[in-house]
2 protein chains.
Amino acid sequence: MDNEEQLPEKSMPNISVDNLIFAMQDGQLKVLLVKYKQGLAANKWGLIGHWVHQDESLDDAASRVISATTGVENFHLDQLGAFGKVDRYPGRRIITVVYYALVRFDEANIHQGENTHEVAWFNVHDVPELIFDHKDILNKCLGQLKYKVRHEPIGFSLLPEKFTLLQLQEIYEAILDKKLDKPNFRRKIQKMNLLINCKEKQTAVAHRAATLYRFDVHVYEKLKEFGFNFEY
Amino acid sequence: MDNEEQLPEKSMPNISVDNLIFAMQDGQLKVLLVKYKQGLAANKWGLIGHWVHQDESLDDAASRVISATTGVENFHLDQLGAFGKVDRYPGRRIITVVYYALVRFDEANIHQGENTHEVAWFNVHDVPELIFDHKDILNKCLGQLKYKVRHEPIGFSLLPEKFTLLQLQEIYEAILDKKLDKPNFRRKIQKMNLLINCKEKQTAVAHRAATLYRFDVHVYEKLKEFGFNFEY
DNA sequence: GCAAAAGTGTTCCGTTTACACCCATGG
DNA sequence: CCATGGGTGTAAACGGAACACTTTTGC
């Protein structure tokens with residue numbers, strides 16, 4: 001979180017929410033960070049944090065700021081957990097509940113917050129120094145993403161409406177941080193019956209145009225419910 | 001949590017920790033519940049909750065009460081997450097951070113807490129009515145356990161030093177809530193190189209005595225770190 | 001001998017993995 | 001005609017699922 005001076009009356013003391021917002025850009029997994037204006041975190045990069053209003057749930061608090069920062073209304077949201085070491089926040093005892101969101105890069109219109117004077121995407125493996133325990137939080141979240149992407153079809157939340165199989169593969173490669181075999185990846189994904197062929201092709205590419213796909217939302221919902229397995 | 005009258009000076013306002021303690025008894029997965037003496041939860045069953053001291057981390061707070069209640073010092077501890085609906089606690093805004101622990105049944109010596117007048121083990125599928133959102137929390141935790149037991153060797157935390165393969169299988173069956181094939185289970189577990197043959201047999205059983213095994217702690221640590229796969 | 005659980009063997013079949021290979025397009 | 005990525009084929013290895021079968025022990 002940014003600073004204590006700004007704690008509004010209607011917010012809970014001692015509790016903050018911090019958010020990790022992820023998107024894919026140029027085949028790389030990016031995370032959105034902000035530079036705070038004032039307070040303990042002034043001029044330093046950190047996760048997008050804020051206080052929790054007395055009359056909103058933790059989930060709602062996270063959604064509120066993610067929407068405000070990115071302009072995106074629909075995104076995958078998950079709770080990473082609560083972080084509560086005694087000295088994690090300087091001078092005061094603050095528990096933070098961390099959420100991570102997956103957004104489509106092209107849908108995001110980054111808005112400056114009141115307490116920040118910079119917002120930027122960073123490659124998850126190349127971030128600046130972060131305030132408090134935010135680096136630990138990022139690392140834990142990257143681990144959680146690896147874990148999750150293999151058992152729930154969350155990777156798709158990072159793609160535009162229509163996408164190619166290579167784009168999808170790049171997401172898995174970025175999150176799992178390893179190269180995957182193209183033929184095997186294609187077959188595996190296709191067999192899930194999750195993709196619908198748009199019967200369209202890429203245009204203006206300097207190689208054979210790839211087929212565009214979109215999701216079968218019904219199958220997608222079922223896989224989310226019952227889980228699936230993606231062991232690479 | 002129990003009641004607000006008891007909030008000690010040194011505790012954080014607005015935040016509680018609730019714990020689910022699991023153990024295996026007679027081939028059944030049990031969870032430890034308490035009946036509170038006073039406050040909003042008086043005479044009702046609930047998870048073992050408490051306030052967080054200003055000078056202890058969330059993890060430490062959970063460990064403290066789990067040890068105090070069960071007398072056990074070594075147990076598997078994981079955070080389930082934070083629960084923060086606005087109306088989850090009557091009359092006041094309380095965020096609770098939930099932990100679950102796996103203990104060995106025979107090591108547990110249940111101690112009554114100051115605020116409780118009953119503590120008892122319940123089959124996880126047969127619990128009484130619970131206070132607040134504790135039933136939701138239990139359900140979410142059972143789902144998490146299913147998820148986890150297939151990817152990390154946590155099931156072993158529920159067993160005594162020396163155990164038979166059937167005891168281990170019963171844990172998986174209880175958590176996954178399904179019958180497993182004995183020959184296949186045995187082979188699968190054996191191939192992990194996680195078990196050391198104690199070269200001892202069961203005694204006083206009315207059938208062929210089973211071999212006793214114990215864990216190879218080194219392999220166990222590695223599997224915890226790198227994850228494993230147990231898809232049944 | 002019978003019940004109960006220990007423990008082994010084997011077959012079938014789908015999935016994973018690795019890698020060779022051809023296709024289409026723009027420069 | 002070549003670089004780039006799209007896309008298909010295939011064979012070997014592995015692992016899961018199902019189930020028949022033998023062994024040991026106490027009563």
Side-chain angles (χ1 to χ4, degrees), chain A residues 24 26-28 149-151 153 159-160 162-174 176 178-214 223 226-232, chain B residues 24 26-28 146 149-151 153 159-160 162-174 176-214 223 226-232:
Chain A
M24 285 296 292
D26 302 331
Q28 295 186 325
V149 83
R150 289 189 296 156
H151 301 102
L159 288 172
K162 299 172 180 179
F163 53 87
T164 68
L165 292 180
L166 183 61
Q167 284 180 288
L168 184 57
Q169 183 173 344
E170 281 171 345
I171 288 175
Y172 278 84
E173 290 182 338
L176 297 175
K178 73 195 253 199
K179 277 282 174 197
L180 302 178
D181 181 88
K182 183 171 56 161
N184 295 337
F185 180 86
R186 299 174 62 86
R187 271 186 291 263
K188 180 147 193 163
I189 291 290
Q190 303 256 32
K191 231 183 355 198
M192 291 178 185
N193 291 317
L194 199 57
L195 302 183
I196 296 173
N197 190 325
C198 295
K199 312 220 160 144
E200 287 179 64
K201 298 275 181 184
Q202 277 181 314
T203 51
V205 285
H207 53 77
R208 177 174 172 179
T211 303
L212 294 172
Y213 291 88
R214 58 192 175 81
L223 288 184
F226 298 110
F228 77 141
N229 200 288
F230 195 94
E231 294 296 341
Y232 264 110
Chain B
M24 285 296 291
D26 302 331
Q28 295 184 326
K146 273 192 203 184
V149 83
R150 289 189 296 155
H151 301 102
L159 290 172
K162 299 174 179 179
F163 53 87
T164 69
L165 291 180
L166 183 61
Q167 284 179 288
L168 185 56
Q169 183 173 344
E170 282 171 344
I171 288 175
Y172 278 84
E173 290 181 338
L176 298 175
D177 199 19
K178 72 196 255 199
K179 275 282 172 198
L180 302 177
D181 181 89
K182 183 172 56 159
N184 294 338
F185 180 86
R186 298 173 62 86
R187 270 187 291 263
K188 181 148 193 162
I189 291 290
Q190 303 255 34
K191 232 183 355 197
M192 292 179 185
N193 291 316
L194 199 57
L195 302 184
I196 296 173
N197 190 324
C198 295
K199 313 219 161 143
E200 287 179 64
K201 298 275 180 184
Q202 277 180 315
T203 51
V205 285
H207 54 77
R208 176 172 172 180
T211 303
L212 294 172
Y213 291 88
R214 57 191 175 81
L223 287 184
F226 298 110
F228 77 141
N229 200 287
F230 195 95
E231 295 295 341
Y232 265 112

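Chain identifiers are assigned alphabetically (A, B, ...) following the order of the sequence lines, protein sequences preceding nucleic acid strands; residue numbering begins at 1 within each chain.
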To the nearest Å, give me how far apart [atom1] ([X]) and [atom2] ([N]) are.
X: B:Leu212; N: C:dG7; atom1: CG; atom2: P; value: 9 Å
X: B:Phe185; N: D:dC19; atom1: CZ; atom2: P; value: 20 Å
X: A:Asn184; N: D:dA13; atom1: CG; atom2: C1'; value: 13 Å
X: A:Arg150; N: C:dT16; atom1: CZ; atom2: C1'; value: 15 Å
X: A:Leu180; N: C:dC19; atom1: CG; atom2: P; value: 15 Å
X: B:Gln169; N: C:dA6; atom1: CD; atom2: C1'; value: 12 Å

Any idea which of [options] is nearest the [X] side chain?
X: B:Leu166; options: C:dG7, D:dG7, C:dA5; value: C:dA5
X: B:Ala206; options: C:dG7, D:dG9, D:dG26; value: D:dG26
X: B:Arg186; options: C:dG7, C:dA18, D:dG15; value: C:dG7

Can you check whether B:Thr211 has a side-chain N or O nearer than 4.0 Å to OP1 or OP2 of C:dG7?
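It does, given that an N or O in the side chain of B:Thr211 lies less than 4.0 Å from OP1 or OP2 of C:dG7.
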Looking only at N and O atoms, is any donor in the side chain of [X] or the base of [N] less than 3.5 Å from an acceptor on the other one?
X: B:Arg187; N: D:dG16; value: no
X: B:Asp181; N: D:dA17; value: no
X: B:Lys182; N: C:dA6; value: yes
X: B:Lys188; N: D:dG16; value: no

Please determine whether a side-chain nitrogen of the Lys or Arg among A:Lys162 and A:Glu200 lies less than 4.0 Å from a carboxylate oxygen of the Asp or Glu.
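Looking at A:Glu200 together with A:Lys162, the answer is yes, because their closest N to O distance falls below 4.0 Å.
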Would you list the protein and nucleotides 20-23 of chain C atom pairs, both N or O, that sit under 3.5 Å from each other?
residue: C:dC23; atom: O2; partner: A:Arg208; partner atom: NH1; Å: 3.2

Using heavy-atom distances to pick each residue's nearest nucleotide on DNA chain C, tell me which of A:Ala209 and A:Lys191 is more 5'.
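The residue closer to the strand's 5' end, by nearest nucleotide, is A:Lys191.
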Give me the stems containing DNA chain D, sorted by first residue, counting only three or more consecutive Watson-Crick or G-U pairs with both distances under 3.5 Å; say none if there aren't any.
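Paired runs of 3+ in DNA chain D: C:1-27 with D:1-27.
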Kindly determine whether A:Ile196 and A:Tyr213 satisfy side chain to side chain contact (heavy atoms under 4.5 Å, CB included), including the steps that lead there.
CA-CA 5 Å; A:Ile196 296 173; A:Tyr213 291 88; over 6 Å; no
